[in-house]
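Values below: every heavy atom of this structure, side chains too, minus hydrogens, waters and symmetry copies.
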Amino acid sequence: MNEYFDVVVVGAGPAGAVAAALLNQRGFSVCVLEKQYFPRFVIGESLLPHAMEILQEAGFADAVAAGYGFQYKNGVVFNWGDRHARYSFTDKFGAGPGTAFNVQRDRFDQILIDCAIGQGVTVRFGHSMTAFNGAGEHAKMLVQPDGGQIYRLEARFVLDASGYYRAIPRLKGWESKTDWPMRQVHFTHIDDHITDSGFDRNKNLVAVHPQHRDVWMWLIPFSNGRCSIGVVGLPERFADLRSSADILHRSVAEIPFLARILARAEWDNDVPFMYLPGYSSSVTHSHGPHFALLGNAAGFLDPVFSSGVTIAVHSAKLAADLLTRQLGGEPVDWQHEFADTLNLGVSTFRSYVEGWYEGRFQEVLHQAHTDEDRRMLSALLAGYAWNPDNLYVQQAGTFMM
């Protein structure tokens, strides 16, 4: 006998938790399948203010603010040589929150899914979807629990929020090669011991290599005296080094500002040095009969503007709103109202990511601007990439000319 839910969500990360909570609040039965057990380590610790307004709607924001003492965040600083470009999210164009948090993702994701469970969402950890069929009246799935017997689920709709795992694309062979260069990421957490007054702990730091402007490092401060630190670059930039530890140490030494503020940092702790061989991704289908892909399950751009969680939760809200209409009997055009609408913001980020690695957007960020230009740039950097009233959204490609 099959189990039945209105909606099955695959993946209990931010996108899955937000979608499940929103749909549960609207009276639908929701089951979340998560193949891992929480807490677990995930990269992507920097939230943007736009994500905070979606977390508020899902009923999560108060728990995040009260949770584990996450680091308050109000902007970002871009460093290249002796140049610093500072952007404050509290002085931005348009409505919406102007602050966010830097979060340890194991704790953050646990808070979100615990809130969803508290709201009444069914969540099953250690359960993996092993087969999916979207044909027919309902979606049909086979689910394998750890140490248990495979069982069947049916749902009116399935939202794949499985992130890099991409459950449905893997099962259907819909993963595709991206046309983006496959840059490497090397990262860890350090006990930073920063006392330099030139570093603002309420802002993330993005530092560009003095010679190779396509190589950059992030420094994301936490409230416990640690920072997430990572370096991004093409494989050939690191080919002469053998380990992520060596790559990170040398990268810091070669960026004068980082070398100065991290002179007393302790690198050896309980967080290992980690490596992603290539992070950009794409799929051939983002939706279909009885399913849609959320966030990283549909593809990932680049970590430079910390847009990953924001795109994930934006896609979750968009899908939940459309599903509320569809399950209520209204016609919904998933290509136009979901894929194309989501892509308005994603393509905006993409334009500026491309401009970043070509050096053009780096120059834009360091230029002298009018107060209005700075506010529009601050809004973009705060995650408001779907606001057509912002000229830096409306004319994203033009500013890269």
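- Ring pair His369/Tyr392 is perpendicular by interplanar angle, where above 60° counts as perpendicular and below 30° as parallel.
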Inset, instruction - Might you work through the ring-ring contact (aromatic ring centres under 6.0 Å, His included) test for Phe41 and His189, ending with a clear yes or no? - result: CA-CA 12 Å; Phe41 184 91; His189 290 180; 5.6 Å; yes
Inset, instruction - Report the C-alpha distance between Arg325 and Glu337 in whole Å, list the side-chain angles of each, state the deciding distance to 0.1 Å, and finish with yes or no for side chain to side chain contact (heavy atoms under 4.5 Å, CB included). - result: CA-CA 12 Å; Arg325 290 171 44 204; Glu337 298 182 82; 2.6 Å; yes
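- Residues Gln362 and Trp216 have side chains that never bring a donor and an acceptor to within less than 3.5 angstrom of each other.
- Within the 4.5 Å cutoff, no side-chain heavy atoms of Ser128 are placed close to those of Leu33.
- In plain terms, the two heavy atoms of Val121 and Ala20 that are nearest each other are CG2-O, 3.7 Å.
- Ser286 contributes no side-chain N or O that, together with a main-chain N or O of Ala339, makes up a donor-acceptor pair within less than 3.5 Å.
- The neighbour count for Glu137 CD, taken as heavy atoms of other residues, nucleotides or ligands under 6.0 Å away, does not exceed 12.
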Inset, instruction - For side chain to side chain donor-acceptor pair (under 3.5 Å), just list the numbers for Asn202 and Gln71, CA-CA rounded to whole Å, side-chain angles, deciding distance to a tenth of an Å, and then say yes or no. - result: CA-CA 7 Å; Asn202 294 328; Gln71 174 65 47; 3.1 Å; yes
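- At a threshold of 4.5 Å between non-hydrogen side-chain atoms, the residues Val208 and His366 do not count as touching.
- A donor-acceptor distance shorter than 3.5 angstrom exists from the side chain of Tyr87 to the backbone of Leu365, with no hydrogens or angles considered.
- Here the side chains of Gln367 and Asp373 are not in contact, with every heavy-atom distance at 4.5 Å or above.
- Below 30°, between 30° and 60°, or above 60°: for Trp218 and Phe187 the angle between ring planes is between 30° and 60°, a tilted geometry.
- When all heavy atoms are compared, the tightest approach of Ile190 to Trp267 is CG2-CE3, 3.5 Å.
- At least one side-chain heavy atom of Leu205 sits under 4.5 Å from a side-chain heavy atom of Asn79.
- In summary, Arg201 and Asp192 engage in a salt bridge, as defined by a charged side-chain N under 4.0 Å from a carboxylate O.
- Taking CD of Gln144 as the start and NE2 of His127 as the end, the distance is 9.0 Å to the nearest 0.5 Å.
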Inset, instruction - Run the numbers on His314 and Trp386 for ring-ring contact (aromatic ring centres under 6.0 Å, His included), then give the verdict. - result: CA-CA 10 Å; His314 188 99; Trp386 290 267; 3.7 Å; yes
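- Between Tyr352 and Phe361, the two ring planes are tilted [angle within 30° to 60°].
- Of the charged side-chain nitrogens involved, at least one lies within less than 4.0 Å of a carboxylate oxygen, so that Asp321 and Arg26 count as a salt-bridged pair.
- A pairwise comparison of heavy atoms in Val271 and Thr188 identifies O-OG1, 3.3 Å as the closest pair.
- A donor-acceptor contact closer than 3.5 angstrom links the side chains of Gln335 and Asp340.
- In this structure, Ala21 and Ala58 approach most closely via the heavy-atom pair CB-O, 3.8 Å.
- Between Phe238 and His186, the ring-plane angle classifies as perpendicular under the 30° and 60° cut-offs.
- Counting only heavy atoms from C-beta outward, the side chains of Pro97 and Tyr384 approach each other to under 4.5 Å.
- The shortest distance between side-chain heavy atoms of Phe305 and Trp356 falls below 4.5 Å.
- Counting only heavy atoms from C-beta outward, the side chains of Leu22 and Lys317 approach each other to under 4.5 Å.
- Of all heavy-atom pairs between Val309 and Pro14, the closest is CG1-CB, 4.3 Å.
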Inset, instruction - Under the side chain to side chain contact (heavy atoms under 4.5 Å, CB included) rule, what do Phe70 and Leu47 come out as? Steps first, then yes or no, please. - result: CA-CA 11 Å; Phe70 293 133; Leu47 304 184; over 6 Å; no
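- A 6.0 Å sphere centred on CD of Gln149 holds no more than 12 heavy atoms belonging to other residues, nucleotides or ligands.
- For Asp268, the CG atom sits in a loose shell: 12 or fewer heavy atoms of surrounding residues, nucleotides or ligands are nearer than 6.0 Å.
- Checked for salt-bridge contact, Asp214 and Arg183 miss the test: no charged N lies under 4.0 Å from a carboxylate O.
- For the residue pair Ser29/Asp6, the side-chain donor-acceptor check at 3.5 Å is satisfied.
- Salt bridge annotation for Glu45-Arg226: absent, with no cationic side-chain nitrogen under 4.0 angstrom from a carboxylate oxygen.
- What you find for His50 and Gly383 is that their closest heavy atoms are CD2-O, 3.5 Å.
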